[in-house]
Amino acid sequence: LIFTDAEVKEESFLEFINQMLMTGEVAGLIPKDEQDLIVNDTRPVMKKEAPGVIDSYDNLWNFFLSRVRDNLHMCLCFSPVGEKF
């Protein structure tokens, strides 16, 4: 993800970026039905990579989030010029 200061339309958007950097997810970003699909698609991967872990909904979701955290890379490009900085 490449994100520049010119793309900040509202300062509240920076809170979403902060959540992504701190936790690997943005609360409420993925609707429940899509989250259910992700969890179901994650089951075979988790069974292969972590066979001793029970495949409960929470364990599957946390496994998915850990993979997102491990594989997501962000590049933030901000200019120190301007009123906000």
Side-chain angles (χ1 to χ4, degrees):
L1 174 65
I2 298 177
F3 181 77
T4 67
D5 57 337
E7 296 168 316
V8 178
K9 304 298 181 202
E10 295 180 33
E11 286 189 38
S12 62
F13 188 67
L14 295 174
E15 181 62 32
F16 294 126
I17 299 295
N18 184 50
Q19 286 182 21
M20 188 65 83
L21 290 170
M22 297 298 291
T23 66
E25 68 174 317
V26 176
L29 180 67
I30 302 173
K32 179 74 170 128
D33 59 333
E34 290 181 23
Q35 188 172 335
D36 292 342
L37 292 172
I38 291 170
V39 165
N40 286 331
D41 290 345
T42 302
R43 182 171 278 113
V45 177
M46 189 178 95
K47 283 185 177 184
K48 183 178 180 181
E49 292 185 17
V53 179
I54 299 170
D55 63 343
S56 68
Y57 190 92
D58 288 337
N59 287 344
L60 288 162
W61 183 247
N62 289 330
F63 178 79
F64 169 74
L65 290 179
S66 70
R67 289 175 58 103
V68 169
R69 287 184 195 110
D70 291 345
N71 294 299
L72 179 68
H73 303 282
M74 298 180 80
C75 179
L76 302 176
C77 307
F78 291 100
S79 169
V81 178
E83 296 176 16
K84 294 183 181 181
F85 299 97

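Worth saying up front: this structure is predicted, and the values here are computed from it rather than measured.
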message = Using the rule that Ile, Leu, Val, Met, Phe, Trp and Tyr join whenever any side-chain heavy atoms are under 4.5 Å apart, tell me whether Leu29 and Leu37 fall into a single cluster.
response =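 No; Leu37 is not reachable from Leu29 via cluster members.
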Identify, with sequence neighbours excluded, every residue that meets side chain to side chain donor-acceptor pair (under 3.5 Å) alongside Asn40.
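Asn40 satisfies side chain to side chain donor-acceptor pair (under 3.5 Å) with Arg43 once adjacent residues are dropped.
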According to side chain to side chain donor-acceptor pair (under 3.5 Å), who are the partners of Asn59, at least two apart in sequence or on a separate chain?
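Asn59 satisfies side chain to side chain donor-acceptor pair (under 3.5 Å) with Ser56 once adjacent residues are dropped.
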Please enumerate all residues that pass side-chain contact (heavy atoms from CB on, under 4.5 Å) together with Ile38, with sequence neighbours excluded.
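If we apply the side-chain contact (heavy atoms from CB on, under 4.5 Å) test to Ile38, skipping adjacent residues, the hits are Ile30, Thr42, Trp61, Phe64.
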Name all residues meeting the side-chain contact (heavy atoms from CB on, under 4.5 Å) criterion together with Tyr57; count only those two or more places apart in sequence or in a different chain, and write none if there are none.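 For Tyr57, the residues satisfying side-chain contact (heavy atoms from CB on, under 4.5 Å) (neighbours in sequence not counted) are Lys32, Gln35, Asp36, Val39.
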Where Asp41 and Val45 come nearest, the two heavy atoms and their spacing: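 What the structure gives for the nearest pair is O-CG2, 4.2 Å.
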For residues 47-54, which side-chain N or O atoms pair as donor and acceptor with protein atoms under 3.5 Å away, sequence neighbours left out?
unit_1	atom_1	unit_2	atom_2	d
Glu49	OE1	Arg67	NH1	3.1
Glu49	OE2	Arg67	NH1	2.9

Please collect all ring-ring contact (aromatic ring centres under 6.0 Å, His included) contacts where either partner lies in residues 34-56, sequence neighbours excluded, each pair once.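 Checked against ring-ring contact (aromatic ring centres under 6.0 Å, His included) - neighbours excluded - no pair reaches residues 34-56.
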